[in-house]
Amino acid sequence: MQVTVSVNGEERAREIEPRLLLVHFLRDVLGLTGTHWGCDTSNCGTCVVLMDGRPVKSCTVLAASAAGHEITTVEGLERDGVLDPVQQGFHEEHGLQCGFCTPGMMLTARALLDENPNPSEAEIREAISGQICRCTGYATIVRSIRWAAEHPAAAGAAAETAGEAAP
Amino acid sequence: MSTTEERPIGFGRLKRKEDARFIRGQGRYVDDVQLPGMLHGAVLRSPYAHARIVSIDVSAAQQHPKVHAVLTGRDLDGLGLAWMPTLSMDTQAVLATDKVRFQGQEVAFVIADDRYAARDALELIDVDYEPLPVVVNARRALDADAPVIRDDLEGKADNRIFDWEAGDRAATDAVFARADVVVSEEMLYPRVHPAPMETCGAVADYDAVEGSLTLWSTTQAPHAHRTLFALVARLPEQKIRVIAPDIGGGFGNKVGIYPGYVCAVVGSIVTGRPVKWMEDRSENLMATSFARDYVMRGSIAATRDGRILAVRVDVIADHGAFNATAQPTKYPAGFFHVFTGSYELEAAHCAVTGVYTNKAPGGVAYACSFRVTEAVYLVERMVDLLARELDADPAQLRLANLIRPDRFPYEAKTGWVYDSGDYETALRKALEMAGYEQLRAEQAERRERGELMGIGLGFFTEAVGAGPRKHMDILGLGMADAAELRVHPTGKAQLGISVQTQGQGHETTFAQIVAQELGIPPEDVEVVHGDTDRTPFGLGTYGSRSTPVSGAAAAVVARKVRDKARVVASAMLEVSADDLEWERGRWFVRGDPDQGATIQEIAMAAHGTVELPKGVEAGLDSETVYDPPNLTFPFGAYLCVVDVDPGTGKVTVRRFVAVDDCGTRINPIIIEGQVHGGLADGVGMALMELIAFDEDGNCLGGSLMDYLIPTALEVPDWETGFTVTPSPHHPIGAKGIGESATVGSPPAIVNAVVDALRPYGVRHVDMPCTPSRVWEAMQGRGAPPQ
């Protein structure tokens with residue numbers, strides 16, 4: 001079947017099997033491999049993307065049912081060479097180690113901050129509780145999201161201190 | 001050149017270099033590899049724990065329009081690949097030929113156009129099984145009438161893998177005979193699973209014309225895997241390139257070679273196209289390397305006034321259906337015999353019997369430091385049980401018995417030589433950070449009110465950084481690691497290392513080691529890893545060995561460069577090398593500091609036209625192989641505070657204080673991160689995680705619905721502290737840290753749970769201390785049998 005999904009602001013039309021999961025559509029069809037696949041029971045949350053601004057587990061959404069919706073993946077967080085404060089926060093506060101859960105965590109964080117710009121530690125923990133990180137023990141993820149809350153327009157310095165991708 | 005806390009030249013809180021790609025979703029994991037013409041493999045797995053294979057019919061699967069090939073054990077047998085050697089010198093079926101020996105065992109491999117079609121085709125394979133009696137209980141496996149699992153082994157008539165002992169049995173018996181107090185307890189360190197967020201997988205690309213194999217794989221040990229593939233698949237080693245791209249967590253799960261990797265390689269050879277195999281989570285939990293499964297009986301002997309005299313332990317080690325544990329050859333029980341822990345003893349003895357059961361193979365994984373985890377848990381539980389018996393405070397009992405600083409290097413009763421330690425200082429610091437006295441007072445008040453608050457202590461001594469080579473090898477490969485440092489004419493450097501990060505931040509910390517030694521900024525040092533074509537040989541990252549072994553190699557090779565730079569500088573400055581002095585980043589003339597050359601200037605000159613002394617070659621590049629003289633012995637003192645709900649038995653970890661000593665601290669940010677992660681593992685193991693089996697051998701922990709891993713809601717904000725006791729034999733004084741918290745935290749948590757349950761007279765609860773187990777223990781029924 002033919003689907004058209006808006007991903008990171010770009011309309012993407014593809015011929016797919018009706019059963020294709022959104023996570024595999026993003027990864028295998030569009031080549032957006034920043035979204036990961038970590039379990040088969042919708043428990044781990046490494047596949048979280050935003051659908052119309054709300055976090056969803058892309059392993060439990062059919063690509064077909066994403067048609068007509070706006071999907072944001074980790075690749076869509078950085079705008080015009082400027083990191084999202086959440087991305088910068090994860091770097092500042094060592095919110096990642098292996099990096100596998102990181103995209104999903106950052107997207108959930110982005111959705112949380114859009115709804116609640118100044119979340120408490122408890123609210124942050126609740127927000128990310130559908131996602132598993134095996135490396136960090138979560139404390140630095142919580143701090144990373146707090147950092148983003150405290151630096152809502154962090155931007156600028158971002159690309160410079162977080163590495164080589166500065167334009 | 002200035003160094004600040006924010007941007008240190010050498011050691012310090014440097015933010016990670018590798019974050020740049022990960023926060024942009026630009027990490028490249030094995031499943032991200034897409035090659036032209038690539039096919040996808042899927043494994044058919046056994047639904048039975050023990051069954052004879054009567055027949056396998058793959059004809060319908062082969063007819064599937066998207067299927068390119070179906071492999072069975074019989075096909076592999078024709079290639080001599082139906083069985084492969086394990087890391088413990090046993091054999092393991094790649095695809096089963098005669099029978100299946102655990103639920104989830106690999107039976108057939110389908111190669112199709114895409115991952116969905118490969119799964120579809122699995123459904124079309126018809127296997128006729130004849131079920132056999134199952135044994136999942138390690139004790140039962142030793143019964144004379146137990147079904148023999150490994151009848152493939154010539155003359156094998158039982159399920160015993162090995163009997164091994166360490167220490168002095170007679171001396172230990174003698175001490176126990178005269179001791180005032182002896183306490184014993186049975187405890188199970190249950191089967192758990194590392195479950196890294198990225199499962200295991202590989203992409204194999206065989207080039208028939210060149211006869212070469214490129215293998216992208218989730219491996220913690222790319223070089224060792226290359227050698228093993230050369231031996232197993234009989235491919236020339238120079239034609240094999242193993243690439244470990246970004247690895248999404250390992251924790252020991254990615255040390256072994258799994259049948260899926262071999263099938264992907266065979267699949268690529270058979271189809272002439274690249275083949276990707278990526279397991280799903282259930283396959284990861286059911287079939288790849290588990291951890292622990294140690295059935296232990298421990299005893300501790302002491303004087304009435306609280307001097308610990310001896311420890312004795314008997315273990316039945318459940319290794320599953322194949323002995324595939326990843327550990328040094330001479331240590332069938334890993335490093336379990338470091339169970340004398342952090343205490344000065346008169347005698348110690350352990351006996352370990354390894355057994356086969358109808359469960360997945362493995363055993364050494366999940367940040368266990370080759371089974372130091374089990375050892376620390378045992379001794380720390382025993383010390384708490386002794387404190388209870390003596391009605392002594394567990395902190396005071398530990399303080400009275402810890403090995404004193406002036407006893408290092410300390411030779412333990414089972415032969416280990418601990419390099420350095422100041423245990424009392426670490427424990428006192430943890431007690432102070434926690435406010436131990438106040439906590440005890442609070443506990444007393446709460447108990448008055450019927451509330452269940454527990455305070456648990458754990459002290460650990462880790463043993464990490466294998467070799468030395470002469471004592472430690474895996475399948476004959478000595479446990480050493482190389483480093484190769486290239487210094488380009490502009491003074492920028494590239495460090496090739498043989499160990500493999502899975503999130504530990506090697507690109508940052510190894511650059512810091514070189515920066516510290518050469519005085520150049522860490523951003524000028526590119527760390528190359530994860531590609532056997534671009535890095536020197538070494539045994540890889542597991543058992544917290546990166547810093548102790550490869551980190552040492554990085555320091556040594558940088559010092560070789562510095563020494564060479566001195567010779568070049570002497571030619572440049574036309575003075576004797578003996579008259580030169582080093583300050584960070586620069587050689588200068590003694591007594592005339594203005595006369596000197598920076599390492600960048602020296603690098604350019606070394607590649608330039610300066611006339612060098614006779615016999616000195618141009619350039620500064622250097623390499624080294626580091627063979628550690630001993631393990632390093634990091635240590636720490638942990639304190640956990642829990643609250644137990646008297647109505648439900650639910651345990652909440654309220655606080656966790658961790659004081660770690662890993663010697664010289666290269667990057668405290670990363671050290672703290674490693675500790676945090678290990679503490680969460682500890683909460684998981686102590687309270688939630690369990691791979692259980694029913695009596696038919698069905699795995700009851702085979703998905704993340706059943707295998708419960710802590711989320712942000714089950715763990716507290718960690719309180720970390722540190723002391724610094726450098727390793728005397730390590731070039732920069734550093735010790736490993738990656739597994740300390742996983743090793744050290746479970747006993748602190750269980751000690752806290754049992755402490756909370758003291759009003760109920762509970763003396764032990766086996767992990768995981770789930771609400772139902774805790775509640776049952778409170779009712780005096782104990783844990784249900786395993």
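Each chain gets a letter, A, B and so on, in the order the sequences are listed, and its residues count up from 1.
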For the residue pair A:Phe100 and A:His36, does the interplanar ring angle fall in the parallel (under 30°), tilted (30 to 60°) or perpendicular (over 60°) class?
parallel
Which atoms of B:Arg28 are under 4.5 Å from chain A, going by heavy atoms: the side chain, the backbone, both sets, or neither?
neither
Among A:Glu75, A:Arg27, A:Met106, which residue has the highest count of heavy-atom pairs closer than 4.5 Å to chain B?
A:Arg27
Portion of A:Leu20 that has a non-hydrogen atom of chain B nearer than 4.5 angstrom:
both
So, the part of B:Glu672 with a heavy atom under 4.5 Å from chain A: the answer is neither
Which atoms of A:Leu96 approach chain B - backbone, side chain, both or neither, heavy atom under 4.5 Å:
both
Report the option among A:Thr136, A:Thr140, A:Ile124 that has the most heavy-atom pairs separated by less than 4.5 Å from atoms of chain B.
A:Thr136
Heavy-atom distances under 4.5 Å only: say whether B:Ile669 touches chain A with side chain, backbone, both or neither.
both
Can B:Phe251 and B:Thr742 be said to form a side chain to side chain contact (heavy atoms under 4.5 Å, CB included), step by step?
CA-CA 10 Å; B:Phe251 317 107; B:Thr742 316; over 6 Å; no
For A:Glu126, is it the side chain, the backbone, both, or neither that has a heavy atom closer than 4.5 Å to a heavy atom of chain B?
both
Contact part of B:Asp31 toward chain A, heavy-atom cut-off under 4.5 Å: side chain, backbone, both or neither?
both
Rounded to the nearest 0.5 angstrom, the CD-CD distance for A:Glu78 and B:Gln26 is 8.5 Å
Check whether B:Phe656 gets within reach of chain A through its side chain, its backbone, both or neither, counting any heavy atom under 4.5 Å.
neither
Could you look at B:Tyr116 and say if it's the side chain, the backbone, both or neither that has a heavy atom under 4.5 Å from chain A?
both
B:Ala741 versus chain A, the contacting section by heavy-atom distance below 4.5 Å
neither
Atom CG in A:Leu107, atom CD1 in A:Ile128: separation rounded to 0.5 Å?
13.0 Å
Among B:Ala195, B:Gly505, B:Ala680, B:Ser703, residue most engaged with chain A (heavy-atom pairs, under 4.5 Å):
B:Ala195
Look at A:Gly137, A:Gly45, A:Gly130 and state which one has the largest set of heavy-atom pairs under 4.5 Å with chain B.
A:Gly137
Criterion side-chain contact (heavy atoms from CB on, under 4.5 Å) against B:Glu507, the qualifying member of B:Glu526, B:His529, B:Arg16
B:His529
Counting only heavy atoms closer than 4.5 Å, note whether B:Asp246 contacts chain A via side chain, backbone, both or neither.
neither
A:Ile71 vs A:Arg12, test: side chain to side chain contact (heavy atoms under 4.5 Å, CB included). Steps then yes/no.
CA-CA 11 Å; A:Ile71 302 298; A:Arg12 312 295 289 264; over 6 Å; no
Which atoms of B:Gln502 come close to chain A, meaning under 4.5 Å heavy atom to heavy atom: side chain ones, backbone ones, both, or neither?
backbone
Need one label for A:Arg19: side chain, backbone, both or neither, based on atoms under 4.5 Å from any heavy atom in chain B.
both
Chain B heavy atoms under 4.5 Å from A:Thr46: which part of the residue, side chain, backbone, both or neither?
side chain
